[in-house]
Amino acid sequence: MAEVLRVGVVGAGVFGGYHANKYKQAEGVAFVGIYDLDKPRAEALAAQHGVQAFGGDDLAEFLSLIDAVTIATPAFAHAAVALKALESGVHVYSEKPLAITIADGHAMVDLAAEKGLILACGHQERAVFEAMGLYDVPERPLRLEAVRNGTASTRNLDVSVVLDLMIHDLDLAQSLAGAGPGGMHATARYRTDEGYKAVGADEVTAEVEFENGMMAHFRASRMAEARERTMRIVYPSGEVNIDLLNRKFENNTPFRLNADFAEADIAKDPLGTSVFRFLDTVRGVRATPLCTGKDALKALILALSIDEEVAPEPSEYSVY
């Protein structure tokens, strides 16, 4: 591996811009360029960062010039671009969800392993839990309750609310449980008002029992009146109630958690933490990124299981 990593971003939308900012801040990298199917859009973002723009049929050329790439396209394109990058010998950081099908997720994980490449995924809220000290608690949770509500938006309607919002909490729950899911039941509501077009449910509630006995209740909505990100974690010795929006928590367990976690560098900039650890893993400085492709695949499998559980016939849709 070259001492200076050559990096790039695929996708010149909002998240592509976020990742471009991180690569400009990163030490020991040469930010080569930005690719987007829409080359004028790539040119606009590339001009902000003083890098080269690529578009249309330029993907193979772009990949030949870099060692590592962030994929920040719409979710449906994550797998196709990632597989081309991995085939080209490029390390991949994919925004979440890893893919939109289990088969594609497995293909990404398997190809990365076959090629000896790093595959990371953008489940960056793990950095917040790490800063709090939740991964150091010596007890396994008995129950977890998560609410992740968002207001109406035109973004991310190419996937269900489960793949858009709930998947963050599914990943966090599995990382705390240390076990896979067993039984599961879920319900959903779908918007059907005229002119509204979205893939999948807009509000989902799911109850999941993990193989080690931990129970988890998840609720996510993209049509709520106000944003809400909360989590309640019940341990044998007490519970922790977290307000993820306001970065504070209440803890009545006997375990010391970091009350100043919001000021920790890794929690101040979870995206930066996730991207920089990916780069460190590519360099061999770290053993693993913040979230591996295998971990992201586990979250994807659970998310798609929930989507399958709630997928109705059109006549079964309920309207807000």
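Closest heavy-atom contact between Ile306 and Ala206: CD1-CB, 3.9 Å. The heavy-atom pair separating Phe210 from Ala179 by the smallest distance is CD2-O, 3.4 Å. The shortest non-hydrogen separation linking Cys291 to Ala296 is SG-N, 3.9 Å.
A donor atom on one side chain and an acceptor atom on the other are found under 3.5 Å apart for Glu95 and His19. Donor-acceptor pairing under 3.5 Å is lacking for the side chains of Asp243 and Thr230. No side-chain donor-acceptor contact under 3.5 Å links Asn212 and Arg140. Side chain to side chain, Asn252 and Glu250 fail the donor-acceptor criterion of an N or O pair below 3.5 Å.
Taking the ring-ring contact (aromatic ring centres under 6.0 Å, His included) definition, one finds that Tyr35 meets it with nothing, sequence neighbours left out. Among residues two or more places apart in sequence or in another chain, the ring-ring contact (aromatic ring centres under 6.0 Å, His included) test is passed with Phe62 by Phe54. Every ring-ring contact (aromatic ring centres under 6.0 Å, His included) that Tyr18 has, sequence neighbours left out, goes to Phe15. With sequence neighbours left out, the ring-ring contact (aromatic ring centres under 6.0 Å, His included) criterion links Tyr235 to no other residue.
Residue pairs satisfying the salt bridge (Lys or Arg N to Asp or Glu O under 4.0 Å) criterion with at least one member in residues 157-184, sequence neighbours excluded, are listed as follows: Lys96-Asp164, Arg126-Asp171, Arg148-Asp169. The stretch residues 18-38 participates, sequence neighbours left out, in these salt bridge (Lys or Arg N to Asp or Glu O under 4.0 Å) pairs: Lys22-Asp269, Asp36-Arg41.
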Query raised in the report: Could you walk me through whether Asp307 and Ser160 pass the side chain to side chain donor-acceptor pair (under 3.5 Å) check?
Result: CA-CA 8 Å; Asp307 268 344; Ser160 72; 2.8 Å; yes
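More than 12 heavy-atom neighbours from other residues, nucleotides or ligands sit within 6.0 angstrom of CG on Asn246. A 6.0 Å sphere centred on NZ of Lys294 holds no more than 12 heavy atoms belonging to other residues, nucleotides or ligands.
Remark: Arg219 engages Glu203 in a salt bridge, criterion side-chain N to carboxylate O under 4.0 Å.
Counting heavy atoms from C-beta outward, Tyr135 and Ser175 have side chains that approach closer than 4.5 Å.
Exactly one residue among His217, Glu228, Met231, Met166 makes a side-chain contact (heavy atoms from CB on, under 4.5 Å) with Val147. That residue is Glu228.
Using cut-offs of 30° and 60° on the angle between ring planes, the pair Phe261 and Phe249 is tilted.
Distance alone, capped at 3.5 Å, is enough to place a donor-acceptor pair between the Arg283 side chain and the Gly28 backbone.
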